[in-house]
There are 2 protein chains.
Amino acid sequence: MNIRTACLALLAHGEASGYDLKKRWTEGPFSRFFDASFGSIYPTLAKLEQEGLVLFRQEGQAGKPLRKVYSLTESGRQAFMEALSAPPEPDVFRSAFALLALCAPFLPAQVLERAIEVRLNDQRAELAELEAIASTDTRAPISWLVAWGIHHFRSDIAFLEAKGAELAAMAGSAEPGGTYEVCPSCTSGADA
Amino acid sequence: MNIRTACLALLAHGEASGYDLKKRWTEGPFSRFFDASFGSIYPTLAKLEQEGLVLFRQEGQAGKPLRKVYSLTESGRQAFMEALSAPPEPDVFRSAFALLALCAPFLPAQVLERAIEVRLNDQRAELAELEAIASTDTRAPISWLVAWGIHHFRSDIAFLEAKGAELAAMAGSAEPGGTYEVCPSCTSGADA
DNA sequence: GTCGTCATGTAATTCGTTACATGATTTT
DNA sequence: AAAATCATGTAACGAATTACATGACGAC
């Protein structure tokens with residue numbers, strides 16, 4: 001999922017300026033699924049325009065700078081469809097917390113406990129935010145996604161509440177750099 | 001979570017060559033949490049060595065190329081601790097499937113249905129893989145993480161099974177490029 | 001004899017961020 | 001008077017990937 005595709009997808013929802021796109025990814029229900037900086041949005045829109053996938057109309061309101069309001073062309077619509085019809089890349093699950101958990105035996109108890117606590121707080125805060133959106137926003141695909149997110153966070157929190165102590169108990173049970181067995185078959189040289 | 005930190009974390013589990021690290025991230029229980037290419041692993045290891053965080057011993061077995069087996073130094077251990085003690089970046093949840101779901105009203109039914117089906121298959125396959133690992137590998141932090149993953153995938157699958165049809169039913173309910181209301185407050189120009 | 005595994009490394013390229021540059025208007 | 005919002009864009013930089021380059025050995 002690159003910026004290009006994300007731009008097309010948002011523009012399919014309705015015309016918007018670069019500034020609008022940034023806002024949608026920063027605030028509101030879209031923010032959990034993507035983000036991009038102005039430094040990539042503007043060049044991307046310019047490129048899409050060159051390729052004929054979008055066109056823009058210049059809009060100048062009193063007292064405000066010029067706005068370039070972009071909308072999809074017919075080829076843009078096709079490109080959007082194609083991008084979303086392509087076999088999806090599987091979600092990559094890159095979690096700093098996972099790395100920490102993997103290293104539990106090498107970490108002091110307080111670091112682990114603190115990390116688990118922070119994690120729980122963060123997840124609860126995100127859950128609360130989603131629940132707030134769910135209660136005010138009922139438009140079809142957004143409420144579905146928000147429900148998905150709520151489900152996900154609740155499940156995650158439940159797991160941590162049930163098994164967090166187990167993880168914390170591993171603290172300090174091994175020495176870093178030692179010969180802790182990770183994945184014996186993954187060490188090419190050693191024949192053990 | 002960058003390659004540097006990930007290298008330090010894996011090396012804390014025991015000495016390894018660049019090739020080993022790649023293997024650990026590609027196969028086995030680590031693969032779900034990180035990945036890196038040789039093009040980034042080797043320069044990273046060289047840099048870590050220059051900084052004195054790791055040292056290596058050259059190992060040449062008969063009939064095989066030279067191996068550089070890296071291990072953490074004392075400063076490496078400290079850097080590892082520091083990196084993992086730092087406030088964790090929250091997991092970013094960037095899912096191509098989420099973008100697709102967000103666009104459900106603009107997509108033809110078959111595209112959506114197919115995507116949901118593929119998603120379910122993928123998630124079930126990942127679950128099965130984790131369950132296989134769980135039954136053979138009982139070493140402490142890994143089995144914890146695997147249990148976390150299993151919990152996560154089961155929860156995700158359950159949600160899709162329960163609510164997938166609801167999502168599929170949204171197909172084709174809006175025209176791309178139209179004025180589908182996404183986030184009214186996120187459109188800067190329009191005062192509506 | 002070709003392909004896969006082991007093993008290391010460099011160069012080109014891509015994708016994106018941060019910081020910079022500009023400038024009017026409204027709010028504090 | 002300062003800061004925030006609206007609005008667009010460029011330039012420098014970073015982090016990582018893919019592709020390239022090399023070479024021996026074992027399996028089929």
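Quantities reported herein were computed from a predicted structural model and do not represent experimental measurements. Residue numbering restarts at 1 for every chain, and letters A, B, ... go by the order of the sequence lines.
Here the C1' atom of nucleotide D:dT8 and the CZ atom of A:R57 are 17 Å apart, to the nearest Å. In this structure, the CD atom of B:E59 is 15 Å from the C1' atom of C:dT8, given to the nearest Å. Atom P of nucleotide D:dT10 and atom CG of A:L45 are separated by 12 Å, given to the nearest angstrom. B:Y42 has its OH atom 13 Å from the C1' atom of D:dT22, to the nearest Å. Rounded to whole angstrom, the span from the OH atom of B:Y19 across to the P atom of D:dC25 amounts to 16 Å. A:R24 places its CZ atom 12 Å from the P atom of D:dA7, with the value rounded to the nearest Å. Protein atom CZ of B:R67 is 9 Å distant from nucleotide atom C1' of C:dA7, rounded to whole Å. When the C1' atom of C:dG4 is taken as reference, atom NZ of B:K23 falls 13 Å away, rounded to whole Å.
Under the ring pair (Phe, Tyr, Trp, His ring centres under 6.0 Å) criterion, A:F80 pairs with no residue, sequence neighbours left out. When the salt bridge (charged side-chain N to carboxylate O under 4.0 Å, His left out) test is applied to B:E49, no partner is found at least two apart in sequence or on another chain. Residues that satisfy the side chain to side chain contact (heavy atoms under 4.5 Å, CB included) test with B:E126, not counting sequence neighbours, are B:R32, B:F153. Residues passing the side chain to side chain contact (heavy atoms under 4.5 Å, CB included) test with B:T26, sequence neighbours excluded: B:K22, B:D35. Evaluation of the side chain to side chain contact (heavy atoms under 4.5 Å, CB included) rule for B:H152 yields A:H152 as partners, not counting sequence neighbours.
Using a 4.5 Å heavy-atom threshold, the side chains of B:L66 and B:E59 count as separate.
Between the side chains of A:S17 and A:R67, at least one donor N or O sits under 3.5 Å from an acceptor N or O.
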Output a table of nitrogen or oxygen pairs between the protein and nucleotides 14-23 of chain C separated by less than 3.5 Å.
from   : atom 1 : to    : atom 2 : distance (Å)
C:dG16 : OP1    : A:I3  : N      : 3.4
C:dT17 : OP2    : A:S37 : N      : 3.3
C:dT17 : OP2    : A:S37 : OG     : 2.8
C:dT17 : OP2    : A:S40 : OG     : 2.7

Only distances under 3.5 Å count here; give the side-chain donor-acceptor pairs of residues 100-114 of chain A to other protein atoms, sequence neighbours excluded, each with its distance to 0.1 Å.
none

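Applying the salt bridge (charged side-chain N to carboxylate O under 4.0 Å, His left out) test to every pair with at least one member in residues 157-169 of chain B, sequence neighbours left out, gives these pairs: B:R124-B:E161.
Between B:K68 and C:dG9 there is a side-chain polar atom (N or O) within less than 4.0 angstrom of OP1 or OP2.
Summary for the helix from C:dG1-D:dC28 to C:dT28-D:dA1: the axes at its two ends, each from 5 pairs, differ by 30° when rounded to the nearest 10 degrees.
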